[in-house]
Every structure is written in structure tokens, then in C-alpha cells.
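To find a chain, count down the sequence lines: A is the first, B the second, and so on, and within it residues start at 1.
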Amino acid sequence: MSQSLLLALYDKTDQAAQAIAGLSDIGVRDADVTVMSSVPYEPQMLGRRAVDGRLTAITLLGAVAGLFLGLFLTVGIYELYPLMQGGQPLIPVAPSLIILFEVTMLGTMGSAFLAFLVLNRFPIFGRPAYDLRITEGKIGVLADVESGQVFQAEEVLRQAGAVDDDVQTLESDRRPDRVSWLYFAGAVASVVVVVAVISLLFFYDVIRIPFPTQMAAQNSTAYVQGPRRAAPEAAVPVQGPALIAGQPASEPVPASESSLQRGRILFGIDCALCHGQEGSGDGPLAKYFEPHPPDLTAEDVQELPDDVLFLVLTQGRGIMPSLAENLSPVERWDVINHVHSLARNGSGG
Amino acid sequence: MIARTERKWTMVVDLDKCTGCEACVVACHAENNVPIVSQEQVVRGRAMHWIHIERYWEGEYPNVRARFIPLLCQQCQRAPCEPVCPVYATLHSEQENLNLQIYNRCVGTRYCQNNDPYKVRFFNFFDPVFDEPLNEQLNPDVTVRSAGVMEKCTFCVQRIRRAEERALVEGRALQDGEVVPACVETCPPSALVFGDLLDASSAVAQLLQNNQRAFRLLGHLGTEPSIYYLKGGTSRVGA
Amino acid sequence: MSVHRGDGLADGNPADGNPADQAPSEVTDQARQARARYLLLDERPMPDLVAQLLGPMQRAGPLYWLLFAVLGCMVLVAGGVWIYQMWWGIGITGLNRPVMWAVYIANFVYFIGIGVAGTFISAVLRVLRFQWRAPITRAAETLTVFALATSGLFPLIHLGRTWKFYWMLPYPNQRRLWPSYHSALLWDLTAILTYLTSSVLFAWLVMIPDLATVRDRIARGWRHRLMNVLALGWRGTEGEWSHLKTATTIFSLAIIPVMILMHSIVGWDFAMTIQAGWQSTVFGPYFVSGALLSGAAAVIIVLAVARKTLHLEYFLRAEHFDGMGRFLLVLSLAWAYFYFNDVLVPWYGQLPVDKTILQLFTSGRAAPLWSLMVFSNLVLPAATLWSRRVRTSIPAMVVISIFVNIGMYLERYLIVAVTLGRNELPFDWGAYVPHLPEILITVGAFSLIGFLFLVFVKLFPIIPIWEVREGQMKQGLRRIGRDLVPTRVDPD
């Protein structure tokens, strides 16, 4: 049994009502008749039954979902990650009510809109039966009749006063393409889920982006990592070894054989783990530190005044700790002498 | 987690001893890397002094008197500045009963300053500038804030933490007088006293016991500040 | 006059007894005058209506392009100033300690206020079945959306570190840091998100049938493709209409409390503090009444401009301005009531800091601004809007509305920037002067709304045709027994 689509346009509502009544008389089911118009007519005006109210039900579900989301945001988060502020209780009741209300409303209206789209199967794919003159103010009556009743139906439609006495017969492919809509809806839903999942991967550092943070690059610590400035003439020291212009911070030890030997042993104990046995900055722990321990045989280290090296050992520099507790002043000079010898000899001396 | 004893850090300001010399202001700048803004900015009302001397003139010339009071963050127990921060950049430390300011969380809504009745919060309107060689005077224990961040007195929380850690490492209790904020350390007439109110033997506890002169600023607002002022002899501040 | 069965809608067929063909008589003249005054009896066939709307939509004269260029430039300048401010810091503005909030927050409050009236006209009047609202709803809804979008920029503009604004959003993160709902700013954020989203969806929802009309009338080109996509394939079937009406009802009912709460929350931004002059329990309803007042005035201005430039005299009649004028009068009196509340209580309490603020407003440096505010918001509307002649005179309504807007802007400015300069400790008092960045950004914000409107009117129909025709039809519906019968009135 094949079906035919018949479309007739009318100027007035009673003409359309007459056509619909006539179709019902010849046995066309109510569900096979569609009325299209440019203004919303009350169904009773055309002798039709009202459409069921599923949209309200879906909206209520959306409201409940919004309520739960609001509860999570206000109660759930506070309970999970408590932080105290201003003597207020952990879960502020009145503000929480505000948020609950707002999020519930968002859920309500968002789901009303979504329900509207879904129930109408918007956006419509395919080329459903339609006539441009409907938005000129005509009322369209579309009948889906069995081939046996086509002639009768055409008569009924024409007698009711169709515009131009014309009843169009449309090809059967002029129905909305529900399958495409399903694919479309599925695609949209998948995109939303994928975007949410990928966002979470980034938020929880599963995919780690090494964002540069400026927290470590502080003005207040930068000078500690750079070459030390010599104190001005006649500056008064406060505490600790100070650089007095023209004099070393403490009496240096000459680079004798015994000093170099002591220095080599002490270097192996205290320095080699980070700076490497040869002082080239390749110790076993070197790769764990950012910035890496420098190559002590390089020119920029070797050219530093001994006083500066002494201060580095005494006070530390950047992430390098102070070795004041490990090495006495004489031992620090021994290590400095050894470091200089590393550069001279290229390999340990 | 390291268990810590609860502290109630309290400061007592003896207005009879305070001479208004502003050494505390300078010390605070030095200790906490507080920027100096230009003269033009000060005229526009953007001076940044975590502790400052509020001075009022009374009387007509030549019988003029200055009334002054050192004003710093009151470290309220029911701080009005805390609940208004949308990102939890200012919150309450239950352990130390301090009002914390987290610089790297602040997004700069400036709501906290609006709700602060003492107006002791300061906003970095520009990036602070520390000309050489003053940048070498900066305290490496304290963050240098950038433009758009709110800051205020922290009771030198870096000194509190360092003292607590030292006591913990050495396996002993914290002694009274070990934690000394910069302003307290500098004050020439020792008008500022700092300590743990929960420690009955501390200087602040002793000072405040049955002290008729003690009052708190804007107490009627119910903010419960941690700073007690002792009324001066004839200055009539707070009377 | 006789009443007979027939659609309340004109079908363009003169043989059906167009009154113009009948012999003139007094009754006919009166009827003709009545039709001229009341939109609902002076129908035109739909093709004429649509042609009248589509014409201006598709043409753009030199004036339009000039405005487009000027407003566009001002928006770009404002954007540049914002970027400059983000680079250098908030210090380029006039803000200081203690005035930490000023023009940006006043703008925020002001623009949200404008948005509220649009929702009122669209939702409240729809629920109350005021048919005269039909032609003006879309302009009002659009104003809401644009005003909200513009105002939503200002919390970002006023942030010290704008690039970290997303920390105020509750997104799951490995640091487990969430925003604090203790703070009124978070209520603001949630409310704006809800209100803006709902307003956009609502505006789109009720526009779909008209988008379909435009899609059908303009058969090809980029406009057709745009309408095709946005109309979602609307055909006007019973199911579609039924769902549209249900959804519209749900939206209307739900968005009304959201609208009221939105502006209450904006008022609570201030009321939650203990700042003198801000800590007032009346701020919730006070701000709602002020928002409705400024919004209604803004809608009047938009309607007057649209009527003139798009030749919408058929749709926007003197009756509409009369109705809006009455609305404006009521709102002005309501605002005055709440403002009196807000002034009476602190004046009576005579607390020093409250007294200082009141003195500052009434006789101090802020007195000129304050007087202008009271004049614009209360004196002028209350003195003029009683007269029907004033209400139906469109130039007069525009002038009054402009004054009301100026007055409401001043009210926000006084509350935010001037009040903050006074507090409990006189040593920390301050004054605020707007600097060039704030002025440029404010001008840019106004230009943005105008610019968005310029773009909108060329893309979408500004009059909701289907709602106008529905109103005409409903006016002609009569109940005979249990049937609803469409009728039409004809003078004999």
C-alpha cells in the first residue's frame, strides 16, 4: 500500500476546519493530517485535538538536574574542600539558596529549549512537505492518504475552498528525514562528551602542559642567583662574611699540594653528586634540578672572584644549599682551589 | 601532616609609648618588599604602607595637638574582608588565627578592600619598581607582588613560619619572644608587643590581663580584631 | 457595526467588504479613526507586513554606514584601551585607596539595569496577556541580550588580573581550588550566566517563526542560508506551535524571578559589605526598581530610533509610547519610594559616617550630581508623564527617557564611586575623578550596544510579525458555547 502526500492551502480557518472535518469523514486518521500556519491557532478552532505536553515533563527533569548540580556546587564542594572565611559557617545557607535557585532555573530553561529542539526534531533534515505561501498567511493542510483514497481526499480538499482550486500531490520523499537528525543529535552529544573529557584531561594534568609560572622568578631572589655586587667603600657589615672592598672575605688558603688533595676529597664528598666528578655539571643528581648545576670548569664560573666562590659555598646560591655546616672556612678554600685545578687540568688533578 | 599547636597571634600597641616616629613603617617596607610608589601616586591616594600612622589634628593654631595611632591589618577573627573574596585569595587560618592573603590566587576584584572597615588593604595599581641596587635589599623570604594583586600586613608570617619550623626541628616548644615581626623589632620605644595570647605566660597575655586601658578599634562592628590598643595617658585616642 | 464569523486577520481580498469601499458616514469615520489608533483593528495582509519589514532590512544608506563606522571605531578604541590597561595595570584609571570601585562597576550595574526592562516587557507582559506589547517585544529582548553582554564585560575589565578570571568558574582542577559562594560576586556570575543564557535562548525561540518567514521571502543568497540555519526548518505545524507556546510560557514564567533576583544580587554586591551607605537592607528591591526604570527609558529610546530609521510607524503607534509612558511614571514613583527609604533611615539614625555621606550628596561636592539625579529620575517624569499629550508625543518621551537614563547612571555613580570615599576612619577618605581610560571604555560600551543593534536590524526582523498577527487574531476570538470562534468587526 503506497501513501500519497496531498497539500492544499486555505485563506480562512473555517475553510481549513471544513477540509479537516471532511478528511476525517472519509476515514483519514487524525495523525495523518498536518496543519501548517503562520500564526498559532488554537486546536479547537480547527476541530483538532491538542498536542500532548511532554515538553513540560522534560523541563521538570531538567529542573531537578539543575537542583542537584546546585546542591553539588554549594554543599558538595564545601564539604569536600573546606576553607574557612570570615567567621561564617562552612556552608552559608542564604547564599547557597541563591545559587540553588539560579542553577535550577538554568536547568529549567536550558532543558525547555533542548526539549523544544528534540521534540520537534530540529534542525529538520530532508525537504519536508511545505509551501512558501504558508508564511504569506495561508493555512496549509497536509494529508497522508492511502492510494485508494486519493481521489476522495482531493475532492474534499478542493470543495473546502483550496486556494487556486489547487491540491498538490507531493512525492513521498517529502517527509522529514528523521535518521539524519538522529545522526546529527548523536554527533552533537558526542562532541560535547569528547570536549568535556579532554578538558578534564588537561585540568587534572593527565596531559601536562608546562605552563610557565612566574612564581619562582622573584625579584627578591634574583639577585641571590646572580653575581654578587661588591660592597661600596666603607660599607658597614651586619652579619656573616661580608665583602669588604679590596679584601677577600676570609683569608684564602694557598693552593698547595695538601690543599689540593684535601680539596679533591672534599669535592668528591660534597660536590660531585651534583656537579659531577670532573665538575662538568653532569653528576647523577644533576638532571633532577632546574636549573641544572653549572659546569664548574666553564669560563663564567672560573672567572668569578674567589671571594664570590667563597660566599657561594658559605651562603648557598639559588637551590644550592649553604655548605657552611659541612665545610670549615679552610676546607672551603681547599675546595675552591680544587675547582680551579679542574679547569686547569681538564680532568681531575 | 605535622601537628601544630594552635596559636592566637596578638599584637598590643601602647599608645602612651608610641611617638609616631614611623620606624615601623620603614621596617615593614624593608621586611615585606612593600613597594614605594611615586610622589604623584601618593598624591592620588595610592601610597602603600602596610602599617602607617594615622594622624588627626585637633584644635586651632597655636593650640594644635596631633592624635595619632599606628594602623595595620587588624587580623580580625571575623574578618569582613574574607567572605567577599570570590576565589579564596583571602581566608582564615584556623591554626594560627591569622587572616591570610594568598598573592598568587588574587585576581584583583578589590572587593576585600571595599569591605574592610579599617581600609588597611593595598592594591598594586602598577608593577612595583625596585631600582638597582635596592632590589638587593629585598627579602628573599617574601614574594614580590605584581600589578593587580592585593596585599596587606601578614604579621610577618614568614618569620612566624621560620620560628615554628626551627622549634619543630629542634624538638622544643616555641618560646615567647621568638617570633618578632619587623615593626615590633624596630619600634624604638617598644610600643609594640607581639605574642601568642593562648600562652598565658606570654608578654601580650600578661599585658592584657585586667588592663583597663585596652580597647579594640571599631569594636562595634564585631570584627574581633587581634590587635589591642592601650589608651594613652592624655592622647584621648579611642576615649 | 456588525460582528460576523471570519478570521480576525486580513486576507488582502477587497471583495470581503473593505470599509474603505463603503459610503462615508459618521460611524465609519469614527471606526476608521479607531482603527488608526488601535493597532489591533487596522490589519494589513501579511505579505504587506513582511514587505514593510524586509525593505529596510535589506537596504543600507550612507547614514547607516557612517554610524557603523563611527560606532565600530569607538568600540575598537575601547578595546585598545582595555588591552593597554591589562598591560600597564589598573593604575591608569582614577582608582585609589579607598575608592577601589568606580566607573567600571557603575557601568556594570547600569547596563544590567537596562537589560531588565526588556525581559519585563517580553515576559511579564506576555504572562499578563497585555497584547499591546506585541510589536515591541523583540526590540526589548534584543536590548536585554546586548545590554547583558556588554555589562558582563565590565567585571572582566575591572579585574586586576583579568587573564585569571576563569578561577571564578567552578571547573574541576587538580589543585582542587573552587570559587567561594560566600562572595556576592559569585552570585553575580551565576546569575549573569543564567540570565544571559536564558535571554539568548528565549530571544531565539520566539524569533524562529519570523526567521522562517524571512527565509521564505528571501529565496537565495547569504541571508537565505543564514535564516535557513537559524530557523531550524520551521514549518509551522501544530506540534511545532504547541511546543513553541509551551516553551515560551515556561521561559516567561521562569525568567521573571531570574530577572528580579539578578538585579537584587547586583544590589547585594553592595549591601553585603559593611561600608557606610552600602549596608542597607533595601538595596535588593531598590536596585530592581531602578533597573526597571532605566531599562524602560532605554526601551523607549530604542523604539523611537527604530521607528524613525526603519519606517515602522505602522507597528509602533502612539499607543505603545503611551503605555510605556505610564509604565515609566509608575516606575519613577516606585524608585522614589525605595530611594526615600534608603535616605530616610540613615538620616534619622544620625550616625556620623551616614550623616557625612548624606551631607556630601545634598550640600557637598556631590550636590550638583545628586540634584540632577533627583530631577531626572523623579521630578521630570512625575511632572510630565501625567499628561497623555506628553506620553503620546514621541520627541517628548525620548527627551524624558534620556534624562531618566542620565539620572540613573548618576545614581549608580554616586552609590559606587562617591560613597566609597567616605568611611569610619576620616584619615582614609578619598575622592575619585574619572580618567580618560574609563571615559573611553564607557563610551565604547554604549557604542557597542548601538553597534550590535545596527548589525541586528540588518540581519533579523525587529518586529515580531507572528506575535502581532496573533494579537490581532486573539482580539477577534469570541467564545460561542464551548467553541472559540474567530470573528471580525466591520462597520456597517
Evaluation steps, side chain to side chain contact (heavy atoms under 4.5 Å, CB included), between B:Asn114 and C:Phe270: CA-CA 9 Å; B:Asn114 287 337; C:Phe270 307 109; over 6 Å; no
To check you understand the geometry: which heavy-atom pair defines the closest contact between [X] and [Y], and what is its length?
{"X": "B:Ser146", "Y": "C:Arg161", "result": "OG-NH1, 4.2 Å"}
{"X": "C:Leu159", "Y": "B:Arg110", "result": "C-NH1, 4.4 Å"}
{"X": "B:Pro83", "Y": "C:Ser180", "result": "O-OG, 4.4 Å"}
{"X": "C:Trp88", "Y": "B:Phe126", "result": "O-CD2, 3.3 Å"}
{"X": "B:Tyr88", "Y": "C:His182", "result": "OH-CD2, 4.3 Å"}

Kindly check if the number of other-residue, nucleotide or ligand heavy atoms within 6.0 Å of CH2 (C:Trp163) is above 12? yes
Should the heavy atoms of other residues, nucleotides or ligands under 6.0 Å from CD of B:Gln212 be counted, would the total exceed 12? no
Counting heavy-atom pairs under 4.5 Å to chain C, which of B:Met150, B:Gln113, B:Gln41 comes out on top? B:Gln113
Winner by heavy-atom pair count (cut-off under 4.5 Å) against chain C, out of B:Val87, B:Asp116, B:Asp127: B:Val87
Short side-chain to backbone donor-acceptor contact, C:Arg97 and B:Lys119, under 3.5 Å: yes
Test side chain to side chain contact (heavy atoms under 4.5 Å, CB included) on C:Lys164 and B:Val107 and set out the steps. CA-CA 6 Å; C:Lys164 301 216 190 276; B:Val107 287; 3.7 Å; yes
Take the angle between the ring planes of B:His52 and C:Phe427 and call it parallel below 30°, perpendicular above 60°, tilted in between. parallel
Using non-hydrogen atoms only, which part of [X] is less than 4.5 Å away from chain C: side chain, backbone, both, or neither?
{"X": "B:Ile53", "value": "backbone"}
{"X": "B:Arg105", "value": "both"}
{"X": "B:Tyr56", "value": "side chain"}

Among residues 98-113 of chain C, which residues come closer than 4.5 Å to chain B, judged by heavy atom distances? C:Pro98, C:Met100, C:Trp101
Looking at [options], which makes the most heavy-atom pairs under 4.5 Å with chain B?
{"options": "C:Leu177, C:Leu95, C:Thr93", "answer": "C:Leu95"}
{"options": "C:Asn423, C:Leu425, C:Leu186", "answer": "C:Leu425"}
{"options": "C:Pro179, C:Gly91, C:Gly160, C:Pro155", "answer": "C:Gly91"}
{"options": "C:Ala184, C:Pro426, C:Gly430, C:Ala276", "answer": "C:Pro426"}

Using distance only, find each side-chain donor-acceptor pair of residues 17-26 of chain B under 3.5 Å and give its atom names and separation, not counting sequence neighbours.
none

Chain C-proximal positions within residues 70-82 of chain B [heavy-atom distance under 4.5 Å]: B:Leu71, B:Pro80
Strictly less than 4.5 Å between heavy atoms, which residues of residues 42-49 of chain B line up against chain C? Please order them by number. B:Arg44, B:Gly45, B:Arg46, B:Ala47
Step-by-step side chain to side chain contact (heavy atoms under 4.5 Å, CB included) determination, B:Glu54 to C:Asp428: CA-CA 9 Å; B:Glu54 299 222 328; C:Asp428 299 309; 2.7 Å; yes
Side chain / backbone / both / neither for [X] at chain B, heavy atoms under 4.5 Å:
{"X": "C:Leu420", "answer": "side chain"}
{"X": "C:Asp188", "answer": "neither"}
{"X": "C:Trp187", "answer": "neither"}
{"X": "C:Ile92", "answer": "both"}

Between the CD atom in C:Glu424 and the NE2 atom in B:His220, the distance rounded to the nearest 0.5 Å is 4.0 Å
Got a second to check how far C:Asn96's CG is from B:Phe125's CZ, nearest 0.5 Å? 6.5 Å
